[in-house]
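Scroll down for the structure; my scribbles are underneath it.
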Amino acid sequence: MPNRLIDETSPYLLQHAGNPVDWYPWGEEALQKSRDEDKPIFLSIGYSACHWCHVMAHESFEDERTAAILNRHFVNVKVDREERPDLDQIYMSAVQALTGSGGWPMSVFLTPDGHPFYGGTYFPPQPRYGMPSFAQVLDAIDDAWQNRRDELMASGQKLVAAIQRQGQMDAQSASQHTELSQDTLHSAFRALLQSFDRANGGWGQAPKFPQPMILEFLLRYHHSTGNTKALDMVTQTLEAMARGGMYDQIGGGFHRYSVDDHWLVPHFEKMLYDNSQLARVYLHAWQVTGNEFFRTITEEILDYVMREMTDPAGGFYSTQDADSEGEEGKFFVWTPDEIREVLGDEADIFMAAYGVTRHGNFEGKNILEFVGDMEQRPTLAEARRRLLEAREKRVHPGRDDKVLTSWNGLMLAAFAEAARALDRDDYRLVAESNADFLLSELRQESGRLLRTWKSNPEQGEGPGEAKLNGYLEDHSYLIEGLLELYQTTFEPRWFVAAQELAETMIEHYQSPDGGFFDTSDDHETLITRPRDLQDNASPSGNAMAATTLLKLAGFTNDLRYVDIAHQALAQMQPMLAQYPLGFGQWLQALSFTLSQPGEIAIIGEPEAADTQALLDAARDGYRPFQVVALNVPGTQPPAVPLLQDRGLVQGQATAYVCRAFACQAPITEPDALASTLKIGQTDSQ
C-alpha cells in the first residue's frame, strides 16, 4: 500500500510513496502526530537527482526491517529540498553544526516542536566507512529519547539558539555600512587571481564545481578595467569545462560537477540552474571574445533544454538524474564498439578527437572529452548527431519534471538574452511561452508567487498543480528573467509584471535592518526565519534582489530601489572582498552600480530601419552595464517611466542616454550612439 506521499506532486517524494516507511510530507499532520504520540521526528531531506539519496532509499527505506524500526519509534517526514529550501537551509545548518559537514541525503532527528538534536547525511545498512549502521543510529536515538530525553531537549534548544545566533551573526557581520568602493572589486579580483588553478582552470581542488557567477564578475571586471588576466581566467576555465567530460559532448548541457580537478569525470546529474547560468556566461564570453566555440556551447545548452527539459505547457523541468538502469552515468558513456556500430569508417577520427580508448577512462568505458583541435569540432557535428540519435534509444535517466519558479526565472533570462544576441527567434518564442506560463500558472490573483508546479499527465491535457508559498529567490530570479525578456521584445507587460513582483518582494520579504528574508512575512512559522546571504550553486535571493532592483531603478528613476540595493551591498561589502568565491552575484551587483550604468530610451517604430539601427548600436557586443527601453512614438503614458516625455527628433528614431543622473542630448545617428555608450567604458574587445 502506498504511504501518504502518493498524494504529492514532487517526483522525489513520489519515488518514496511505495516505501514500507510510513512517510508523511512536512506539515501540521506530521507535527501533530509527533506531539500526540510523543515520538521524535525523523526528517529525511533529499532531491530526485541525488545519487546517494537513491542508495539510502534502496538500502534502508525499502527494507522492511528498517522500516519497522522507523514506524515504531518515529514520525517519518520526507522533504524535497528543491521545493522547501527554507527547511533545507535551517536543518542543514543544524547538521553542519553537529557534524562539521553536510550534504544529501540529509537525516535529522527533531523534537515534536521541530528542534533538531541529532543529524547526519547518509547512513549505511551495516557499519562501514567508519559510520554506524542506520539501524544502530535509530536504536540509539530511541534509547536516548526514552531514557535521556532531558539531555536531548536541552541539546535541541541549544542547537536552535546557535542557529538563530548564526543567522543574526550573518546579518550583523554584514551590517557595517561602508561606502561602496571600487577597491572591493579590485580586492576580489586579486583574491581570485591568487587562488586560480592555472593548470586546469577554475578554483579549488576535486570535486570541482563550475563557478558561473564568478566568471560573470570577471567578465565585468575586464570590461571595466581592461585587465586581460581577468579575461584569461574566464576563457581558460570555459574552454576546459566545455572540452571535458563534465560537458555532455553528444547531447549538450553540463553535468553538476567534476569529481576530479581537470573536468573529466562528472557527477552525471544535470541541473536546470547550472545550465541557465552557464548558457549566459558562455554567451557573454562569445560577445567579449568573438570565439565561436563559446557561442556554440551556448546554443547546445539551450537546444538541450528545449529538447529534453521543456514541458509542453511552457515550464522548464528541474533536473535529470545521474543514474539509469541502476548505474551512474550508464546513459552517457561509450565503448569503441558502440561508436563503430554507429559511425562505421568515421569512428576512428571521432574517437581520436574525443579521447576514446579500448580501456576507457571510466569503469572500462569512455566519458567523451574533446581533445582534438578546436577547428576540428564543427566538422564532427554530423557524427555527434548520429550518436545522439543512437543514444536516444537507450534507457534514459530519470527526470524531475516539477517546475520551480526560481530556476525557471534563471532559464528565462538565458533564453531571452540569447534570443536577441544570437538573433534566434525560436529562443524568443520559448522565452515568451515560459513567461506566459509562469505568470499564469504560478502567480496568484493576489500577485503572490507559488514555488512549484507539476503537470498531471494522468488527467490528459488538464491543468497542472501549483503549490507552496514562493520564496525570495522565486521573486528575484523571475524579475531578472522578465527584465531580460522585456529588453528582447519591448512588450510592456513583461516590465509591468517585473515591477509588480519587485513591489511584492519589498512588501513581504524586506528586513527592517536591510536586505531581505528568504521567506515572506506571512510564511509558516519555523524555528527561525532564514536569510541566506551567500551565493551557492545558484545566486542568493538577496544578491539577485539587489541586482534586479538596480536595473529597475534605471527603468523607473525610482531612487527607492537604489537605496534598498545600496544598503544591502554596503552591509555585504566586507565579505565580498574577503571571500569572493562565495559572493559572485553580489560582486556583479556591485560592479553594476559602480559602473554608473547607462539608461537608454529609444523612440521609434520597432520595425523601422532607423529604429533597428539604433537598437543594433545599443546592443552591439558585450553590454553588462545598461538597460534599454523602447517606445512607439506618441504612446503616452508609457509603461516604463524612462520613456516618459521622449519623442522623435525631426521625425527620426531617437535615442536618449542618461548616466549618473545626467542625460545627453538626443541622438539620431547610430555611430553617435555607439560613441556615446563607449564613454567611461573600457573597450572589452
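Atoms considered below: every heavy atom in the structure, side chains included; atoms not considered: hydrogens, waters and symmetry mates. Being a predicted model, the structure only gives us computed values, none of them experimental.
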message: Let's go through Y91 and Q96 carefully: what are the C-alpha distance in whole Å and the side-chain angles of both, what is the deciding distance for side-chain hydrogen bond (donor to acceptor under 3.5 Å, both in side chains) to 0.1 Å, and is it a yes or a no?
response: CA-CA 9 Å; Y91 292 111; Q96 290 171 334; over 6 Å; no
[Y] and [X], any side-chain heavy atoms less than 4.5 Å apart:
X    : Y    : answer
T319 : E82  : yes
P125 : S133 : no
D197 : K208 : yes
L70  : F42  : yes
I479 : L552 : yes
P539 : L410 : yes
D401 : D311 : no
K551 : F592 : yes

So, for [X] and [Y], which heavy atoms are closest and what is the spacing to 0.1 Å?
X    : Y    : value
T99  : G120 : CG2-CA, 4.4 Å
L478 : L412 : CD1-CD2, 4.0 Å
P580 : I214 : O-CD1, 3.1 Å
M246 : S258 : SD-N, 3.6 Å

Quick check: [Y] with [X] (ring centres under 6.0 Å apart)?
X    : Y    : result
H16  : Y12  : yes
F196 : W203 : yes
F74  : F109 : yes
Y509 : F517 : no

message: Can you tell me which residue among D518, D86, D513 is in a salt bridge (charged side-chain N to carboxylate O under 4.0 Å, His left out) with R531?
response: D513
Any chance you could measure [X], atom [atom1], to [Y], atom [atom2], to the nearest 0.5 Å?
X    : Y    : atom1 : atom2 : value
C53  : H58  : SG    : NE2   : 15.0 Å
L180 : M572 : CG    : CE    : 12.5 Å
D321 : H51  : CG    : NE2   : 11.0 Å
F583 : Q578 : CZ    : CD    : 9.5 Å

For the residue pair [X] and [Y], does the interplanar ring angle fall in the parallel (under 30°), tilted (30 to 60°) or perpendicular (over 60°) class?
X    : Y    : result
Y47  : W104 : perpendicular
F209 : Y257 : tilted
F437 : W453 : perpendicular

side-chain hydrogen bond (donor to acceptor under 3.5 Å, both in side chains) assessment of E328 paired with H267: CA-CA 8 Å; E328 184 176 11; H267 184 41; 2.6 Å; yes
Are [X] and [Y] within salt-bridge range, i.e. N to O under 4.0 Å?
X    : Y    : result
E503 : R560 : yes
R280 : E480 : yes
D143 : R148 : yes
E524 : R84  : yes
E473 : R451 : yes
R443 : E500 : yes

- prompt: Which pairs with one or both residues in residues 54-77 pass salt bridge (charged side-chain N to carboxylate O under 4.0 Å, His left out), sequence neighbours excluded?
  reply: E59-R128
Step-by-step side chain to side chain contact (heavy atoms under 4.5 Å, CB included) determination, R448 to S520: CA-CA 10 Å; R448 306 288 292 279; S520 61; 3.5 Å; yes
message: Ring of W23, cation from R4 - is the NZ or CZ under 6.0 Å from the centre and inside 45° of the axis?
response: no
query: Should T504 and H475 be marked as a side-chain hydrogen bond (donor to acceptor under 3.5 Å, both in side chains) after you check the CA-CA gap, both sets of side-chain angles, and the distance that decides it?
result: CA-CA 8 Å; T504 297; H475 291 76; 5.6 Å; no
message: Checking Y477 against T405 for the side chain to side chain contact (heavy atoms under 4.5 Å, CB included) test, could you report, in this order, the C-alpha distance in whole Å, the side-chain angles of both residues, the deciding distance, and whether it holds?
response: CA-CA 8 Å; Y477 293 10; T405 302; over 6 Å; no
task: Kindly check if the number of other-residue, nucleotide or ligand heavy atoms within 6.0 Å of NZ (K467) is above 12?
output: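 Yes, because the 6.0 Å sphere around NZ of K467 holds more than 12 heavy atoms from other groups.
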- request: Verify side-chain hydrogen bond (donor to acceptor under 3.5 Å, both in side chains) between Q573 and T184, making sure each step is shown before the conclusion.
  value: CA-CA 7 Å; Q573 191 166 226; T184 301; 2.9 Å; yes
message: Using salt bridge (Lys or Arg N to Asp or Glu O under 4.0 Å), reason through K33 and E28 one step at a time and then give a plain yes or no.
response: CA-CA 8 Å; K33 180 179 174 68; E28 183 55 34; over 6 Å; no
